[in-house]
Amino acid sequence: MPDPVLEVTDLKKHYPIKKGLLRRTVGNVYAVDGISFSVAEGETLGLVGESGCGKSTAARAVMRLVEPTSGSIKLEGQEIAHLGKKELRPFRREMQIVFQDPFASLDPRMTVGDIVGEPLQVHGIARGSELADRVAGLFTQVGLRAEQMKLFPHQFSGGQRQRICIARALALNPKLIVGDEPVSALDVSIQAQVINLLVDLQQEKKLSYLFIAHDLAVVEHISHRVAVMYLGKIVEYADKKTLFSHPLHPYTEALLSAVPIPNPKIKRKKQILVGDVPSPVNPPPGCSFHTRCPHAMPRCKSEVPQLQEMSTGNWVACHLHQGGKAVAA
Ligand code: SF4
């Protein structure tokens, strides 16, 4: 079997909390606390969870935009977790990120043609008329017109601006695109267009996506597999069909119960999660979800549940499911 495009093992990102005159470390923010997953060629892995669960930090750590505390990140089999700036440069071409707010990530003083062409120039790949031709091609690929290259970001709608960001991400022909809530800031109808564009591009170019989102309906549409994060850890990791039809973790169940079903005849029992996500500075002992879990048992307060494989490729970390079997609460 070929190497996955991305393989992440036991990735951690802890931010030290410093206090006092001597800036002593008095604690840590456990933003990402030992997560493992992989993304194959042409596959989309959805990474979901409430805000504050660490999914965006995980995305930034994978991209090496923040320094991981420990763990392994392999891009096409090559370890990149601890490479220096210079050694990392060739790998940067292979992985690109699309952020949530397309307006904030586009320089308002540059034409959108210059923005999309910038990576090609920086990496010395094209210049002059070849550069213009390549940028025109990228505009067409993302459903924009080549004549629009001369315009500035403010002359576009939100959806068009996100298309520009996608064109820029595609410029270097990457293997992996990390989408950090790439459609969350868009209207619902525009979201669908951008998602469909991403799906078409994936099929055409065999792109791999790590797709971060809090909206499970969006994740269901685009992902092949889904990892659910809670307080810096993955609590369930399964193929999309299994996860959406038979969620095993009580947190996944609660998230899914909030997803609207587009059929008024089908009713789903809503599970309201009480309280907020606890602070990652001081995560609860045992299962970090026990403060909000309707099934919490005494052992949940002291024993950390490990991820266990329930069926091929489907994992859950919960004491209700042990040794591949469900146990009574
Ligand atoms: Fe709930 Fe316990 Fe499972 Fe955590 S381990 S999700 S508290 S039942």
Side-chain angles (χ1 to χ4, degrees), residues 4-18 25-39 44-75 79-83 88 91-92 95-100 176-182 184 208-216 219 223 225-238 243 249 251-252 255 276-292 304-308 315-318:
V5 170
L6 176 69
E7 190 172 16
V8 170
T9 312
D10 203 20
L11 181 67
K12 293 185 182 169
K13 177 63 195 173
H14 299 168
Y15 292 96
I17 304 168
K18 298 195 182 281
T25 303
V26 293
N28 281 295
V29 178
Y30 299 94
V32 175
D33 201 18
I35 60 170
S36 304
F37 58 81
S38 63
V39 190
T44 301
L45 175 71
L47 193 56
V48 297
E50 291 164 286
S51 35
C53 71
K55 53 193 190 307
S56 289
T57 307
R60 282 168 172 75
V62 164
M63 291 293 300
R64 291 288 316 274
L65 298 176
V66 297
E67 223 24 59
T69 305
S70 63
S72 156
I73 304 165
K74 285 188 179 161
L75 193 65
E79 181 60 69
I80 62 159
H82 306 291
L83 293 183
L88 197 59
F91 295 100
R92 290 236 177 264
M95 50 181 188
Q96 296 291 317
I97 189 163
V98 176
F99 291 104
Q100 174 176 2
L176 171 75
I177 292 188
V178 175
D180 186 7
E181 303 259 10
S184 306
S208 304
Y209 294 147
L210 174 61
F211 193 91
I212 317 285
H214 64 273
D215 182 341
L216 266 92
V219 168
S223 305
R225 284 185 301 146
V226 181
V228 180
M229 264 186 97
Y230 187 77
L231 223 55
K233 291 192 159 80
I234 288 177
V235 296
E236 188 160 2
Y237 180 44
L243 188 118
H249 198 281
Y251 180 57
T252 315
L255 288 182
D276 293 326
V277 181
S279 164
V281 176
N282 208 355
C287 170
S288 52
F289 187 56
H290 83 254
T291 53
R292 304 167 83 196
V304 179
Q306 302 302 321
L307 266 179
Q308 300 207 27
W315 300 74
V316 67
C318 172

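The chain is numbered in sequence order, starting from 1. For the numbers below, each heavy atom of this structure counts, side chains included, while hydrogens, waters and symmetry mates do not.
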Q: Return the set of residues passing salt bridge (Lys or Arg N to Asp or Glu O under 4.0 Å) with Arg60 (not counting sequence neighbours), or none when no residue passes.
A: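 Checked Arg60 against salt bridge (Lys or Arg N to Asp or Glu O under 4.0 Å); matches are Asp180.
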Q. Mind checking what makes salt bridge (Lys or Arg N to Asp or Glu O under 4.0 Å) contact with Asp33, not counting sequence neighbours?
A.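 Asp33 satisfies salt bridge (Lys or Arg N to Asp or Glu O under 4.0 Å) with Lys233 once adjacent residues are dropped.
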Q: List in chain and number order the residues that pass side-chain hydrogen bond (donor to acceptor under 3.5 Å, both in side chains) with Thr44, two or more places apart in sequence or in another chain; answer none if no residue qualifies.
A: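 In terms of side-chain hydrogen bond (donor to acceptor under 3.5 Å, both in side chains), with neighbours along the sequence ignored, Thr44 is linked to Gln202.
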Q | Aromatic ring proximity, centroids under 6.0 angstrom, His249 and Tyr230 | A |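 So the answer is no for these two rings.
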Q: With side-chain contact (heavy atoms from CB on, under 4.5 Å) as the test, would you mind laying out the steps for Leu11 and Phe37 before giving the verdict?
A: CA-CA 9 Å; Leu11 181 67; Phe37 58 81; 5.7 Å; no
Q.
Quick check: closest heavy atoms across Gly46 and Val219, and the distance to 0.1 Å?
A.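 Residues Gly46 and Val219, closest heavy atoms: CA-CG1, 4.2 Å.
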**Q.** Heavy-atom closest pair, residues Leu45 and Ser223
**A.**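 Minimum heavy-atom contact is C-OG, 4.3 Å.
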Q | salt bridge (Lys or Arg N to Asp or Glu O under 4.0 Å) pairs, two or more places apart, involving residues 44-59 | A |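 Found Glu50-Arg292, Lys55-Glu181.
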Q.
If the condition is side chain to side chain contact (heavy atoms under 4.5 Å, CB included), which residues does Pro284 pass it with, not counting sequence neighbours?
A.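 Once residues adjacent in sequence are excluded, the partners of Pro284 under the side chain to side chain contact (heavy atoms under 4.5 Å, CB included) criterion are Leu231, Pro278, Ser288, His290, Thr291.
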Q) Taking only residues two or more places apart in sequence or in another chain, which ones pass side chain to side chain contact (heavy atoms under 4.5 Å, CB included) with Leu307? A)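 Partners of Leu307 under the side chain to side chain contact (heavy atoms under 4.5 Å, CB included) test: Ile234, Trp315, Ala317.
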Q.
Between Phe289 and Val235, does the side-chain contact (heavy atoms from CB on, under 4.5 Å) criterion hold? Intermediate values first, please.
A. CA-CA 9 Å; Phe289 187 56; Val235 296; over 6 Å; no
Q.
Ignoring hydrogens and geometry beyond distance, is a side-chain donor-acceptor pair present between Lys18 and Thr25 at under 3.5 Å?
A.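 On atom types as modelled, these side chains qualify, holding a pair under 3.5 Å.
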